[in-house]
Amino acid sequence: MGSAVSLRIPPAAGVHPVGCADVLVGGGKEVTGNPKIPVTWNGSLLPGTDRKPLVIFSHGLGGFRTLYSFLCMELASRGFLVAAIEHRDGSACAAYHFSEGDASSSLQEIWVPYKRVQPGMKEFYLRNYQIHQRASECVRAVRILEDIDKGRQVCNNMDSDFRLDSLKDRIDFNRVAVMGHSFGGATALLSLVKDNIFKCAVVLDAWMFPLEDTSYQYIQKPILLINTASFQTGESIQKIKRMNSGGADLKYLTVKGCVHQTQTDLAFLTGYLANKIMGPQATMDPLQCLKIHVAFSLDFLHKYLDLASCVPMLEDLKEVIQAQVICGFPIRNDSKL
């Protein structure tokens, strides 16, 4: 009998080696960090004087910061600095922060469990409260990186050999994007409203339910939405179409052979329990599915962050894109969310 479950992520295909580190700052519930992925742990930034474009990544409901390692390291291998947040609003599967105390007391871990909807509770009010905290955490992540970039002291409460001062004068805050999946996709949309530091957003299968109706009129920046074939309902599609009434670029694509979880590292799960964990399976190769996501994301980010063109990867995937990608939405109403 084979293993119950295993997960092996392919190496990044970009030209740059990828390093990662965990960063935990402050004693409160806000924490930022980079995902733990199969690359150089605590690897330093490549030497140089150039400033790197920044992508803030927000995970989905019940997820965590390292669940999107493939996507994050693909971006990093192509020259982006990627900060993947582990949210402290009770939407992560489990998270922790350190207690606030004076200098004489040792820090204590305080766990933040996943917050379920209780009987009699209206889910919208819980998730709407969470999405506002999540978007504020995305903004806070940028502010912390701004302090680091300016050489201000930022204490990393994690036991890490990574030197935060290696990021001094290396982040391009004129080229900042926000990206997310599911609940994180909706978080990315709200982040565009929270702060003008974000120039654009890449949104993967956004769970639109937690966003209040009044927020849509203020979402007026370029957005790329990459959806799977079965997750979005007609109602959520109509919500998406109400955004950007001011005329900013709104591009939405549907990848036919993918399912909601294929946009995460769970796409690489193998073993006899994988089907039970994943649920409905994708009909196309998960690596090809994620390569499509990377190609369109890079092309969009390069365009709206005013970076050099990134067309070759789209050209390499031309045949599979023609077969599997729809420019728009196929309306199906089998989504559970």
Side-chain angles (χ1 to χ4, degrees), residues 12-16 18 50-58 68 70-84 138-139 142 145 170-181 184-206 216 218-228 240-241 243-255 258 263 288-322 324-329:
V15 298
H16 300 293
V18 181
D50 61 316
R51 289 182 174 269
K52 303 296 184 184
L54 173 64
V55 175
I56 303 295
F57 197 99
S58 173
Y68 304 87
F70 181 86
L71 291 171
C72 290
M73 70 183 188
E74 283 292 332
L75 294 177
S77 75
R78 290 167 169 85
F80 290 86
L81 179 65
V82 184
C138 290
V139 175
V142 178
L145 288 167
R170 296 300 307 277
I171 307 173
D172 189 346
F173 291 100
N174 292 316
R175 293 182 169 94
V176 181
V178 60
M179 185 173 181
H181 172 245
T187 301
L189 292 173
L190 187 59
S191 297
L192 294 178
V193 178
K194 291 280 187 181
D195 201 291
N196 282 328
I197 192 71
F198 299 111
K199 307 303 181 188
C200 60
V202 176
V203 176
L204 310 179
D205 243 2
Y216 295 106
Y218 300 108
I219 302 174
Q220 305 253 340
K221 294 180 181 177
I223 302 167
L224 170 65
L225 297 109
I226 308 178
N227 302 298
T228 58
I240 291 171
K241 290 181 176 180
M243 295 187 300
N244 284 316
S245 58
D249 189 14
L250 174 63
K251 183 176 184 179
Y252 35 87
L253 307 170
T254 300
V255 186
C258 296
Q263 296 175 323
Q288 287 291 86
C289 176
L290 284 167
K291 281 183 176 180
I292 290 173
H293 285 70
V294 170
F296 278 107
S297 298
L298 285 171
D299 185 65
F300 178 83
L301 291 170
H302 277 247
K303 178 179 180 181
Y304 288 104
L305 297 182
D306 195 23
L307 300 166
S309 177
C310 193
V311 175
M313 193 174 180
L314 285 174
E315 288 295 323
D316 294 342
L317 294 168
K318 184 176 180 179
E319 290 186 9
V320 68
I321 287 173
Q322 288 178 339
Q324 298 289 348
V325 177
I326 299 170
C327 291
F329 298 99

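Only a predicted model underlies this, so the values are computations on that prediction, with no experimental measurement involved.
Residues R170 and K52 form a side-chain contact, since some pair of their non-hydrogen atoms from C-beta on lies under 4.5 Å apart. Contact annotation: the side chain of I226 approaches that of V255 to within less than 4.5 Å [non-hydrogen atoms, C-beta and beyond]. Residues V203 and Y252 have side chains not in contact (no heavy-atom distance under 4.5 Å, counting atoms from C-beta outward). Contact check for L54 versus D172: no side-chain heavy atoms found under the 4.5 Å cut-off. Using a 4.5 Å heavy-atom cutoff, the side chains of V193 and F198 are not in contact. Side-chain contact between I240 and L225 is present, with heavy atoms from C-beta onward closer than 4.5 Å. Between M179 and L204, the closest side-chain pair of non-hydrogen atoms falls below 4.5 Å. No side-chain heavy atom of Y218 sits less than 4.5 Å from a side-chain heavy atom of L192.
No donor-acceptor pair under 3.5 Å is formed between the side chain of E74 and the backbone N or O of A295. Using modelled atom types, no side-chain atom of R175 and backbone atom of P53 make a donor-acceptor pair closer than 3.5 Å. The backbone N or O of V18 lies less than 3.5 Å from no partner atom in the side chain of S77, so there is not a single donor-acceptor pair.
The minimum heavy-atom distance between L301 and C200, with the atom names listed, is CD2-SG, 4.1 Å. Across all their heavy atoms, G185 and A206 have their closest contact at C-CB, 4.1 Å. Of all the heavy atoms in V178 and A188, the pair that sits closest is CG1-O, 3.5 Å.
Heavy atoms from other residues, nucleotides or ligands lying under 6.0 Å from CD of Q322 number more than 12.
Judged as a disulfide bond (SG atoms under 2.5 Å apart), and not counting sequence neighbours, C138 has no contacts. The side-chain hydrogen bond (donor to acceptor under 3.5 Å, both in side chains) search around Y304 returns D249, not counting sequence neighbours.
Ring pair F57/Y68 is tilted by interplanar angle, where 30° to 60° counts as tilted.
The CG atom of L75 sits 11.0 Å away from the CG atom of L81 when rounded to the nearest 0.5 Å. Considering CZ of F300 and CD1 of I223, their distance stands at 7.5 Å, rounded to 0.5 Å. Interatomic distance, SG of C289 versus CD of Q324, reported as 8.5 Å (0.5 Å rounding). Between the CD1 atom of I292 and the OG atom of S297 there is a distance of 11.5 Å, given to the nearest 0.5 Å. Atom CG of L298 sits about 10.0 Å away from atom CG of L307, to the nearest 0.5 Å. Interatomic distance, CZ of R78 versus CE of M73, reported as 10.5 Å (0.5 Å rounding).
Using modelled atom types and a 3.5 Å distance limit, the side chains of T228 and D205 yield a donor-acceptor pair.
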- Item | Check against side chain to side chain contact (heavy atoms under 4.5 Å, CB included), F70 and V294 | CA-CA 9 Å; F70 181 86; V294 170; 4.0 Å; yes
- Task: Step by step, work out the side chain to side chain contact (heavy atoms under 4.5 Å, CB included) result for K251 and L253.
- Result: CA-CA 7 Å; K251 183 176 184 179; L253 307 170; 4.0 Å; yes
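Using a 4.0 Å cut-off between charged side-chain N and carboxylate O, K199 and D306 make no salt bridge.
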